[in-house]
Amino acid sequence: MQIKEMFVKPIDREIKGVIKVGQNDNQNIRQELEEYVVTKELQKHFRDFFSSYKRGITGNTDKMGVWVSGFFGSGKSHFLKILSYLLENKEVAGKRALDYFLEEHKITDPMVIADMKLANSISTDAVLFNIDSKSETAGKKDPEAIVNVFLKVFNEMQGFNSIFPYVADLERQLVLDGLYDTFQEKYQELSGKDWISSRNRFNFYKDKVAQALVEIGMMSEETAQDWKRESTKPYQISIDRFADLVKEYLSTKPKNHHVVFLVDEIGQYIGENSDLMLNLQSVTEDLGTACNGKVWVVVTSQQDIDYIKQVDGISFSKIQGRFDTRLSLTSANVDEVIKKRVLKKTNAAE
């Protein structure tokens with residue numbers, strides 16, 4: 001027997017040392033689900049998370065925030081990705097995400113398994129993103145940057161335009177009016193271009209868009225011209241309006257449908273910026289109030305929430321009430337991960 005034949009998994013396979021939020025090809029996801037090691041520490045974190053998450057399924061709650069802290073190498077980004085797969089119960093290679101956990105007995109506590117199955121009994125949109133990569137170039141200078149990023153990924157999740165919020169609002173209304181397909185057909189007829197592939201160059205095709213809206217009876221000529229002029233102005237959205245948009249979206253979905261925003265590296269993004277901290281606090285608070293626990297915000301940060309509850313002398317005590325579930329990851333169990341993920345041997349080798 002050669003040494004390479006001693007191990008359960010091929011030792012020459014690629015193992016990603018750094019897990020990046022945003023890598024979504026099925027081959028990567030399958031490897032992550034198959035090889036994810038639930039250490040003793042993670043057993044506790046999964047228990048705490050799904051126990052809290054259950055509150056929004058069986059009733060209403062405004063404590064719908066989860067703060068995941070841990071320094072570089074602690075596995076918080078990987079944990080966030082795995083959570084997104086489990087919550088959405090994503091199907092990969094013919095199996096549901098939860099099946100990878102159950103068949104390999106990754107979770108040993110029957111209560112946690114029951115809570116995970118309960119979470120999978122409802123429909124869920126898991127919106128996973130790295131906030132820095134989704135932010136505009138000058139994002140951190142804008143005190144409303146966080147709500148703008150949340151709106152961007154929320155629009156993107158629904159298949160609407162993520163670059164021009166005015167266009168996303170138009171698409172949303174067209175869907176509500178049952179005219180979206182009709183509009184796309186008319187736009188292609190007038191411009192010779194497919195709407196989805198050309199909408200990111202919206203500024204070049206405004207006239208055709210306005211004409212299509214008039215011809216399908218969505219707007220009068222005057223209203224279409226007013227909308228076209230309005231779309232040149234800077235877009236602004238209040239936090240309570242964003243919360244209402246999410247609530248309206250939930251009303252179009254099956255009962256108890258959930259939306260979970262999973263935000264990687266929020267602590268690094270906010271830094272010492274009190275405006276951004278206040279924006280995060282307000283976004284979380286308004287989503288909690290408007291949606292009664294059907295919308296959750298899960299964030300990762302190198303710092304514990306207690307460390308950043310006071311920025312520039314301003315107290316952010318409200319945010320602690322919303323982020324009631326706090327999970328602190330360490331790199332103490334690296335040896336356990338290596339033993340199970342890399343060095344696990346065949347029966348003969350054992």
Side-chain angles (χ1 to χ4, degrees), residues 18-24 45 49 52-53 56 62-72 74-88 124-136 139-140 142-158 162 237 239 242-243 245-246 249 258-273 275-288 290-291 293-305 307-309 311 316 318-329:
V18 178
I19 298 297
K20 297 176 183 177
V21 167
Q23 290 175 326
N24 285 323
H45 293 325
F49 173 80
S52 298
Y53 190 69
D62 60 359
K63 295 180 177 179
M64 28 56 74
V66 181
W67 193 280
V68 183
S69 60
F71 288 107
F72 183 79
S74 61
K76 60 185 184 299
S77 294
H78 201 181
F79 178 73
L80 197 70
K81 284 187 82 173
I82 294 295
L83 269 187
S84 75
Y85 304 151
L86 289 171
L87 290 170
E88 207 163 26
T124 304
D125 291 311
V127 189
L128 174 71
F129 60 100
N130 181 301
I131 191 163
D132 202 32
S133 66
K134 289 292 183 181
S135 178
E136 301 296 330
K140 294 185 185 182
D142 181 358
E144 302 295 315
I146 287 178
V147 70
N148 289 332
V149 175
F150 269 66
L151 176 65
K152 180 178 183 176
V153 297
F154 180 62
N155 286 336
E156 194 172 33
M157 178 269 289
Q158 295 174 82
S162 61
I237 186 168
I239 292 171
F242 170 69
L245 279 179
V246 180
Y249 171 75
H258 277 49
V259 176
V260 185
F261 293 97
L262 301 112
V263 194
D264 200 25
E265 296 296 357
I266 194 82
Q268 183 178 328
Y269 183 77
I270 291 173
E272 299 294 319
N273 190 323
D275 287 332
L276 292 180
M277 192 65 180
L278 183 62
N279 204 225
L280 173 65
Q281 177 173 286
S282 301
V283 168
T284 311
E285 189 173 2
D286 280 27
L287 285 173
C291 303
K294 308 309 174 194
V295 176
W296 283 66
V297 179
V298 186
V299 305
T300 70
S301 171
Q302 290 194 19
Q303 299 89 2
D304 187 82
I305 194 169
Y307 178 80
I308 59 172
K309 67 182 178 184
V311 180
F316 292 96
K318 283 184 181 178
I319 202 167
Q320 290 191 300
R322 299 297 178 186
F323 286 94
D324 188 57
T325 305
R326 299 166 201 171
L327 314 176
S328 179
L329 274 62

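Please read these numbers as outputs of a predicted model, since none were measured by experiment. Keep in mind that the numbers below use all heavy atoms, side chains included, and drop hydrogens, waters and symmetry copies.
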- Message: Between N148 and I237, is the side chain to side chain contact (heavy atoms under 4.5 Å, CB included) condition met? List the steps.
- Response: CA-CA 8 Å; N148 289 332; I237 186 168; 3.9 Å; yes
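From L276, atom CG reaches atom CD of E144 across 9.5 Å, with rounding to the nearest 0.5 Å. With values rounded to the nearest 0.5 angstrom, L128 atom CG is found 9.5 Å from E88 atom CD. One distance of note links CG of L83 with NZ of K81; it measures 12.5 Å at 0.5 Å rounding. One distance of note links CD1 of I146 with OG of S282; it measures 9.5 Å at 0.5 Å rounding. Here the straight-line distance linking atom OG1 of T300 with atom CD of Q268 works out to 9.0 Å at 0.5 Å rounding.
Between R322 and D62 a salt bridge is recorded (basic side-chain N to carboxylate O distance below 4.0 Å).
There is a side-chain donor-acceptor pair under 3.5 Å between S77 and D264. Side-chain atoms of Y249 and D125 form a donor-acceptor pair, as typed in the model, at a separation below 3.5 Å.
Among all heavy-atom pairs drawn from K152 and S162, the shortest one is CG-O, 3.3 Å.
A donor-acceptor contact shorter than 3.5 Å is absent between the side chain of S135 and the backbone of D132.
Ring centers of F150 and F154: at least 6.0 Å apart, outside the cut-off. Remark: aromatic rings of W296 and F261 are distant, center separation not under 6.0 Å.
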